[in-house]
Amino acid sequence: MLDRDLIRRDPDFVRAGIARKHMDASIVDEFLTVDQAWRTATTHLDEKKAESNRISKSIGQLIGQGKKDEAEAAKAQTADLKKAIAELEAQERNLETDLKSIELQFPNLPHASTPDGETENENVFVREWGAKPEFADAPKPHWEIAENLQLLDLPRGAKITGSGFAVYTGQGARLQRALFNFMVDHQTLRNGYREIYPPFIVNRASLIGTGNLPKFEEDLYKVDDDLYLIPTAEVPVTNLYRDEILDAADLTVNLAAFSGCFRKEAGAAGKDTRGLLRIHQFDKVELVKFTKPEDSYAELELLVKDAESVLQSLGLHYRIVELCTGDIGAKGSKCYDLEVWSPGVDRYLEISSCTNFEAYQARRANIRFRREQGAKPEHVHILNGSGLACPRLFSAIVESFQQPDGTVLLPEVLRSYVGTDRLGA
RNA sequence: GGAGAGGUCGCAUAGUGGUCUAGUGCGCCGCACUCGAAAUGCGGUAAGGGGCAACUCUUCGAGGGUUCGAAUCCCUCCCUCUCCGCCA
């Protein structure tokens, strides 16, 4: 959601921002038309209601004074008014419903610094860390390593659930469990985030708050009338403070949450489908920040540092790119992707997206803060990023640290979590 | 899942059809008193919408209904607590 006043005051600015994202800006005119009609209707309705309230109050007074006849006369007076109010109310309600639904379809505007571009090809390289590991022979992809060492059982995953559901077995299961334990410890004990363990099922209101609904219903698993499996811990964690007013002294709030993530990703079939590259259920540690508006861009840089510190601790080569306006998606203002080097697949793979949503989600979820006692509440800025996604980290580790003898030599920091220094030993 | 009790402006409570534009206490803010503080006194203390403004509308868990008028009466739902059942 955007600021209504901004759209009214400077529609050209909003149109330009939407156009930079290569999205349809006609929604601005749609909004302005309905908004004008709604405001007119609201004003008329309020006038009628005020009149009705005045009469009702006078009836009370007349009865109190024992003037029954006059009270009855006043009652008769309200019949037409009542009818008019009912009509105006229906009209106003329809317009308001329309306006809200239009409002929820608005994409966020890109930050001025977000580079222009249409596709991921125009994303901008920011920096890299480490170097691609050298191998005597061509490195194997993780699905081969996993099969050799019996870390994964994808056929049985397909049998018991369906394609895109991975079963981790033996040391693979242990590594998977080690990864999220390590990452939660890392983000809480080292980087100072507060740990949250959220429900994996949320209601519609929460999904609207983060911007997953109403637009992306087809990406979600629905488990009941009003309940959905979460596509990321971002949804429950961001909504912790839905409809709340935070104290400025408590900002910035830094939260880290482990969760399972469930995504149908109906449109994504056929791309990156091998092994663990794109699966319907996966584990992830998510970082969420609630900040004052003036702090959010500095916090975005910190968020990226916290996410990449995991890769550094593991000794994995990665690069950071800044997404261009065409690739950033509807919700974000500015976004960096962390891409880990995957030698077996011979590609960089997105392992974290660190995004500043500014007030876009805060408006949808009604999350505000007060600068000082008595001050008017303002919307917070909300940021989030993976810290990190487990399957691609799993695959990057087994591919990057595969040994000539077929084993995988684990990074130092993981050894106590996995209980061994080597997979396949 | 069943039975009972309950959900009121940060917290605690009052309010059972019409000066409720929701009272009171605590907390908080301001002022006074004080060298300063405590205590005390006075005043102020919810959010959102429309309007240039005066002003006005909405919100007493949510949504419907009755009524000229609903925090208050009726219906449905949600949540919390107690007990029962079931269960890891």
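Just so you know, these numbers use all the heavy atoms, side chains as well, and skip hydrogens, waters and symmetry mates. The sequence lines fix the lettering, A, B, ..., with proteins before strands; numbering per chain opens at 1.
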Whichever of A:K82 and A:N53 has its nearest RNA chain B nucleotide further upstream toward 5' | A:N53
Which is true for A:R370 with a 4.0 Å heavy-atom rule: it touches a base, it touches only sugar-phosphate, or it touches nothing?
-> sugar-phosphate
Would you please classify the geometry between the A:Y221 ring and the A:F165 ring as parallel, tilted or perpendicular, with 30° and 60° separating the classes?
-> tilted
Atom-pair distance (CG on A:D247; P on B:rC11), nearest Å | 15 Å
If pairing requires Watson-Crick or G-U wobble contacts with both distances under 3.5 Å, which nucleotide is the partner of B:rA46?
-> B:rU59
Reckon A:K376 touches a base, only the sugar-phosphate, or nothing at all at heavy-atom distances under 4.0 Å?
-> sugar-phosphate
Find the distance A:E72:CD to B:rG69:P and express it as a whole number of Å.
-> 13 Å
Decide, yes or no, whether a salt bridge links A:E217 with A:R204 under the criterion of side-chain N to carboxylate O below 4.0 Å.
-> yes
Just how far, in rounded Å, is C1' of B:rG48 from CG of A:N366?
-> 9 Å
Nearest-angstrom distance from the residue atom CG of A:D46 to C1' of B:rG50 | 6 Å
Starting from P on B:rG51, measure out to CD on A:Q36 and report it in whole angstrom.
-> 8 Å
Base, sugar-phosphate, or nothing for A:I55, non-hydrogen atoms under 4.0 angstrom?
-> nothing
At under 4.0 Å between heavy atoms, what does A:R8 touch on the DNA or RNA strands: base, sugar-phosphate, or nothing?
-> sugar-phosphate
For A:A74, which contact category applies under a 4.0 Å heavy-atom criterion: base, sugar-phosphate, or nothing?
-> nothing
Would you say B:rG49 has OP1 or OP2 under 4.0 Å from some side-chain N or O of A:R39?
-> no
Which is true for A:S56 with a 4.0 Å heavy-atom rule: it touches a base, it touches only sugar-phosphate, or it touches nothing?
-> base
Which nucleotide in the list B:rC57, B:rG49, B:rC68 gets nearest to the side chain of A:T78?
-> B:rC68
Is there a donor-acceptor contact under 3.5 Å linking the side chains of A:T33 and A:E30?
-> no
Should the pair A:F258 and A:Y197 be assigned to parallel (<30°), tilted (30 to 60°) or perpendicular (>60°) ring geometry?
-> parallel
For A:R4, answer base if it contacts any base atom (sugar-phosphate contacts may also be present), sugar-phosphate if it contacts only those atoms, and nothing otherwise; contact means non-hydrogen atoms under 4.0 Å.
-> nothing
Decide whether A:Y228 and A:N212 meet the rule of one side-chain donor and one side-chain acceptor closer than 3.5 Å.
-> no
Rounded to the Å, how far apart are A:K49 NZ and B:rC55 C1'?
-> 16 Å
A:N356 side chain to A:S296 side chain, donor-acceptor N/O pair below 3.5 angstrom = yes
For A:E96 and B:rU59, give me the distance from atom CD to atom P, rounded to whole Å.
-> 12 Å
Touch class at under 4.0 angstrom, heavy-atom based, for A:R93 against every strand present = sugar-phosphate
So which nucleotide from B:rU58, B:rU21, B:rG48 ends up closest to the side chain of A:R368?
-> B:rG48
Within this structure, what is the NZ-to-C1' distance between A:K48 and B:rU56, rounded to whole angstrom?
-> 15 Å
